[in-house]
Amino acid sequence: MTSETVTPGPGTTDTPPYRYTAELANQIEARWQDWWEQNETFHTPNPVGPLADPEKLRQRGEKLFVQDMFPYPSGAGLHVGHPLGYIATDCYGRFQRMNGRNVLHAMGFDAFGLPAEQYAIQTGEHPRKITYENIAKFKRQLRRLGLAHDPRRSFATTDPDFYRWTQWIFLKLFNSWYDPQAQKARPIEELIEEYASGQRATPDGRPWEELDEVERRRIINDHRLAYVSEAPVNWCPGLGTVLANEEVTADGRSERGNFPVFTKKLTQWMLRITAYGDRLLEDLDLLDWPEAVKTMQRNWIGRSEGAYINFATPAGPLRVFTTRPDTLYGATYMVTAPEHPLVDKLIPEAWPEGIKPIWTGGYASPKEAVAAYRKQAAAKSDVERQTDKTGVFVGAYATHPITGAQIPIFIADYVLMSYGTGAIMAVPGQDERDWEFAEVFDLPIVRTVQPPEDFDVDNGKAYTGDGPAINSPATPVENGPDLNGLKVEEAKKAMIDWLVANGHGERAVTYRLRDWLFSRQRYWGEPFPIVYDEHGLPVALPEEMLPIELPELEDFRPKTFDPEDSESNPEPPLSRATDWVEVTLDLGDGPKTYRRDTNTMPNWAGSSWYELRYPDPTNSERFCDPANEAYWLGPRKEGESGGVDLYVGGMEHAVLHLLYARFWHKVLYDLGYVTSKEPFHKLINQGYIQAYAYTDSRGAYVPAEEVVEEAPGVYTWKGQPVKREYGKMGKSLKNVVTPDEMCQTYGADTFRVYEMSMGPLEVSRPWETRAVVGSFRFLQRVWRNLVDEYTGKSRVVDTPADEETRRLLHRVIDAVRRDMETLRFNTAIAKMIELNNRLTQIATDGAPREVAEPLVLMLAPIAPHIAEELWRVALGHEDTVAYAPFPVADPELVKGESVTYPVQVNGKVRTRIEVPADADEAAVRQAALTEEKVAALLDGREPRKVIVVPGRMISIVV
RNA sequence: GCCCCCGUAGCCCAACUGGCAGCAGGCAAUGGCCUCAAAAACCAUACAGUGUGGGUUCGAAUCCCACCGGGGGCACCA
């Protein structure tokens with residue numbers, strides 16, 4: 001292609017032959033997409049490794065790493081909602097490329113996971129085949145949008161070259177432990193060394209050398225960041241797999257599929273994310289993220305400070321966690337979770353004397369009552385649990401550590417085994433839940449914080465706010481602390497000091513966050529690089545064996561069960577690959593038979609580290625060369641987190657993906673593999689594109705594109721009235737619009753301009769196909785201003801623009817640059833339209849180059865194909881516009897010659913004055929006061945106050 | 001129940017964070033120009049006083065309080 005090549009138009013009888021029509025747009029776009037590919041326009045140089053290009057790197061400026069949350073390649077393909085973020089990052093990346101930045105931008109695929117497997121089950125095709133077909137489809141759709149991705153850096157999490165490193169990182173987790181002193185992960189060998197040298201005592205105190213191999217391994221295994229644990233997990237028979245807490249909804253169902261989830265004790269892989277609770281919390285402060293996302297993560301981690309307190313019981317100490325140790329004097333009973341291990345030891349043969357009948361639940365003995373209650377509680381859904389306070393007395397008492405009072409111990413399902421110690425001291429006076437329970441079981445209530453005067457004490461309720469302590473103690477007690485009069489915070493501190501001094505407890509911090517359940521009983525996931533030996537203990541496979549590839553299976557279906565069958569047990573599909581499961585290996589002790597782990601990793605695994613692969617996607621020696629990691633992700637200033645410079649994706653990943661990725665990144669940081677503390681420095685959540693859907697009189701959805709708006713708010717489909725709904729875009733709602741259709745009808749550039757001009761990136765908005773034409777007309781007008789529609793020749797002339805147009809041009813450049821930097825593409829486009837409208841007025845005899853050229857340059861990030869074409873055909877340049885410098889405004893021209901000030905008198909605008917732009921405040925004031933109308937209104941009086949807001953307005957108070 | 005975000009022309013959105021609400025922009029509407037007619041393109045026009053009610057201020061879409069409407073998150077986490 002040369003600059004002489006005129007772009008041929010389709011030329012019908014009615015349309016001028018070189019008009020910017022959809023056909024022409026499509027031709028231009030396809031041509032430039034090929035050109036970029038052939039000329040490797042968007043290949044980004046690395047400092048080292050296979051993608052290194054020192055010469056290119058020298059030419060480019062400071063690095064910029066932009067990333068999208070990569071898609072799951074579903075069979076349905078993209079609809080117009082998906083590319084919103086991709087286009088935004090592309091516009092930003094292209095803009096910064098024109099500012100000389102070395103921009104890394106690419107797109108991978110999050111391709112493991114349930115949908116491919118479920119689709120595979122329906123069709124009988126192998127998930128791999130389906131996945132790679134879908135990826136090819138996505139790539140075609142994405143290419144058509146003209147995204148400036150480096151094609152060499154695309155990957156899928158299902159590529160063995162990729163998941164090899166997912167497995168490698170898992171081995172690092174397995175071979176590391178968290179050192180609370182150093183507050184970081186360390187290699188497991190260093191822990192073994194501490195035990196071997198005696199620096200660290202073994203759990204039962206025996207010397208390390210006296211322990212046999214299996215004992216030693218068990219001790220070490222308990223410290224690993226990836227560990228096998230028999231723990232209560234979320235078993236979902238309907239899906240045939242266990243799920244992470246994060247994948248279970250509040251009402252106890254699976255997020256995917258909405259099947260019931262049961263708690264079941266199973267042996268599963270866990271990742272010790274809780275060790276990182278504090279750092280995951282603290283380092284949020286280093287991140288430029290939406291406050292809402294930070295808040296959600298803080299809530300999810302759920303750090304609370306308080307104390308452990310031990311209560312003596314006949315079966316030994318009962319340990320509770322409380323955030324309100326100051327209310328200990330108000331503890332009138334105890335509650336443990338139904339499954340608390342101490343309960344069985346506490347239960348006496350018979351009910352004690354003198355208890356209230358309601359405590360027994362009507363059972364003859366504590367044993368029966370507890371057994372019955374446990375059964376009842378297990379059968380209840382979480383929602384049912386919330387409606388009423390239920391429980392039963394276990395028949396035993398605890399001793400209050402200060403007063404020595406005997407207080408009854410209950411089991412109740414409002415106390416969760418999985419939080420704190422699974423037991424609480426109940427303080428009804430200061431806790432609403434305890435108050436409700438106390439009312440049901442007729443238990444004493446003691447207020448230990450004085451409620452304020454406007455608190456309705458008579459209508460009775462717990463008071464949870466601040467105030468002076470009372471009844472603490474109610475009557476003097478021997479050596480108990482006197483908290484009376486202290487505010488909550490002071491009282492907490494005094495009580496903790498007392499508990500510590502008297503050996504009744506200690507200061508404590510707990511988290512809501514729990515360790516990450518990391519096994520799934522599915523086929524389409526990463527296999528674990530783990531085998532089990534004759535002791536049933538896990539053994540890491542050596543790195544050289546990676547990747548451990550998925551075995552071929554005749555039947556990769558998971559074994560699912562009746563969704564309600566809580567007694568079922570998971571049967572991973574991989575366990576059926578018997579040839580694969582049984583394996584003879586020489587792992588250092590000669591050839592032995594091992595059994596492979598038949599679980600697979602959850603589909604969060606690949607996305608937990610993929611930001612580290614874009615910088616070095618073809619590296620076969622490491623997951624990422626340290627030099628490439630430091631260049632693309634490393635912090636550039638002391639105290640910075642490092643990480644991706646701009647990460648754009650949906651709000652739905654606020655907790656799961658973003659927390660997991662932060663965790664893995666921090667582990668790699670601790671072990672010295674990366675220099676960045678955080679994976680993603682700046683995060684933006686793009687809004688959703690929503691769509692109208694229409695239902696007929698029977699409530700069935702009708703094709704949205706065939707619906708006609710008869711009058712405002714009145715819609716019909718084939719003559720019959722239909723009702724409009726508003727929601728997500730989807731097949732079932734018959735309202736899907738695809739980018740392919742839009743590209744076909746208007747071209748990719750129009751689609752890009754439209755998506756970016758609909759509103760700010762963060763805001764959700766409705767899709768309206770008929771409005772797209774506005775963006776099309778804009779590009780058409782730009783084209784017409786620069787290219788003769790009848791000859792295809794340039795209309796650009798070298799005559800200078802008039803002064804007014806020039807000033808407008810520079811104001812627009814100034815504003816567009818600011819808008820692009822802050823990703824406000826909607827306002828940037830509006831300014832360009834304004835400039836182009838001006839150009840339309842003055843360009844009757846050709847478009848002045850001094851306006852046309854900056855306009856094309858400013859347009860280039862958003863509508864890159866037409867910009868390339870105009871850059872070449874209309875403006876006569878030989879090379880791509882992708883690296884041409886983005887225009888810079890002349891500050892003198894931005895200012896304008898004069899400023900018009902509105903003049904307010906007593907809050908009302910009475911007149912306007914025009915003063916030179918460089919007039920000082922006194923001159924502006926003088927000009928305002930002497931203005932005819934103002935002088936008339938003042939009528940000789942002295943104004944009480946004159947406010948001059950430089951550049952804005954003048955306010956006079958009389 | 002608790003927490004967070006958002007309410008500006010018929011619709012999507014601007015308004016440089018307290019300073020003239022729209023010659024920011026677009027869709028739709030109306031009129032015009034073309035045309036035998038229409039479409040496309042082009043030109044022009046009108047449309048809200050900022051969800052409601054108070055408050056602070058010389059001045060509020062913007063800050064504060066209450067309420068209404070929409071969206072999202074959390075929900076026995078001791």
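Just so we're on the same page: letters track the sequence lines, and every chain starts at 1.
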Apply salt bridge (charged side-chain N to carboxylate O under 4.0 Å, His left out) to residues Arg765(A) and Glu755(A) and explain how you reach the verdict.
CA-CA 10 Å; Arg765(A) 53 247 121 127; Glu755(A) 289 234 330; over 6 Å; no
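The distance from atom CE of Met417(A) to atom P of A78(B) is 16 Å, rounded to the nearest whole Å. Whole-Å rounding puts the Phe825(A) CZ to C13(B) P distance at 17 Å. Spacing between atom CD1 of Ile956(A) and atom P of U57(B) amounts to 21 Å, rounded to whole angstrom units. Distance CD (Glu436(A)) to P (A78(B)): 16 Å, rounded to an integer number of Å. Asn685(A) places its CG atom 19 Å from the P atom of G71(B), with the value rounded to the nearest Å. Remark: P of A40(B) and CG of Leu779(A) are 18 Å apart, rounded to the nearest angstrom. To the nearest angstrom, C1' of G73(B) lies 13 Å from CD of Glu652(A). Summarising the geometry, the separation between CH2 on Trp300(A) and C1' on C74(B) is reported as 10 Å, rounded to the nearest angstrom.
Listed by chain and residue number, Thr805(A), Arg838(A) satisfy the side chain to side chain donor-acceptor pair (under 3.5 Å) test with Asp802(A) (two or more places apart in sequence, or in another chain).
Applying the 4.0 Å criterion to OP1 and OP2 of A78(B), one finds that Ser304(A) has a side-chain N or O inside that range.
When distances run from any side-chain atom of Arg19(A) to the nucleotides A41(B), A78(B), C43(B), the shortest one goes to A41(B).
Base pairing of C2(B) is made with G73(B), judged by Watson-Crick or G-U wobble geometry with both donor-acceptor distances under 3.5 Å. Across all strands shown, C67(B) pairs with G51(B); the Watson-Crick or G-U wobble distances both stay below 3.5 Å. Using Watson-Crick or G-U wobble geometry with both donor-acceptor distances under 3.5 Å, G59(B) finds no partner in any strand shown. Across the strands present, A24(B) finds no partner; the criterion is a Watson-Crick or G-U wobble pair with both atom distances under 3.5 angstrom. When both distances must be under 3.5 Å, the Watson-Crick or G-U wobble mate of A15(B) does not exist.
Contact check of residues 291-299 of chain A against RNA chain B (heavy atom, cut-off under 4.0 Å) returns Met296(A).
In this structure, Arg765(A) reaches the sugar-phosphate backbone alone: every heavy-atom distance under 4.0 Å involves primed, P, OP1 or OP2 atoms, never a base. Residue contacts for Val427(A): at a heavy-atom cut-off of 4.0 Å it reaches no nucleic acid atom on any strand shown. In this structure, Thr421(A) reaches neither bases nor backbone, as no heavy-atom distance under 4.0 Å exists between it and the strands shown.
Side-chain contact between Val772(A) and Thr750(A) is present, with at least one heavy-atom pair separated by less than 4.5 Å.
The neighbour count for Glu432(A) CD, taken as heavy atoms of other residues, nucleotides or ligands under 6.0 Å away, does not exceed 12. Crowding of Glu804(A) atom CD: a count of heavy atoms from other residues, nucleotides or ligands under 6.0 Å not exceeding 12.
Position along RNA chain B of the nearest nucleotide to Phe776(A) versus Tyr419(A) favours Phe776(A) as the more 5'-ward residue. Nearest-nucleotide positions on RNA chain B place Val763(A) closer to the 5' end than the other of Thr510(A) and Val763(A).
Using atom C1' as the reference point in both G31(B) and C16(B), the two lie 36 Å apart (nearest Å). Across C64(B) and G26(B), the matching C1' atoms stand 35 Å from one another, rounded to whole Å. A60(B) and U52(B) are spaced 16 Å apart, taking the C1' atom of each and rounding to whole Å. For C6(B) and G51(B), the P atoms lie 13 Å apart once the distance is rounded to whole Å. Going from the P atom of C63(B) to that of C5(B) covers 11 Å, rounded to whole Å. A28(B) sits 30 Å from G70(B) when the P atoms are compared, rounded to a whole Å. Rounded to the nearest Å, the gap between the P atom of G18(B) and that of C13(B) is 23 Å. Rounded to a whole angstrom, the distance from the P atom of A66(B) to that of G59(B) is 23 Å.
Classified by interplanar angle (parallel below 30°, tilted 30° to 60°, perpendicular above 60°), the ring pair Phe321(A)/Tyr308(A) is perpendicular. In this pair, Phe437(A) and Phe410(A) present their aromatic rings perpendicular. The plane angle is above 60°, beyond the 30 to 60° band.
Anti is the glycosidic conformation of U52(B), whose angle departs from 0 by more than 90°. The glycosidic torsion of G49(B) lies within 90° of 0, which places this base in the syn conformation.
Salt bridge Asp326(A)/Lys492(A): absent, no basic N to carboxylate O contact under 4.0 Å.
Checked options His810(A), Arg818(A), Arg811(A); the residue passing with Asp814(A) is Arg818(A) (criterion: side chain to side chain donor-acceptor pair (under 3.5 Å)). Exactly one of Glu506(A), Met425(A), Met495(A) qualifies for a side-chain contact (heavy atoms from CB on, under 4.5 Å) with Ile309(A). That residue is Met425(A).
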Per-nucleotide protein contact along nucleotides 23-29 of chain B, 5' to 3', at a 4.0 Å heavy-atom cut-off (B base, S sugar-phosphate only, - neither), is -BSSSS-
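Remark: the Thr21(A) side chain and the Tyr746(A) side chain contain no N/O donor-acceptor pair separated by less than 3.5 Å.
The backbone N or O of Thr274(A) sits less than 3.5 Å from a side-chain atom of Asp515(A), completing a donor-acceptor pair.
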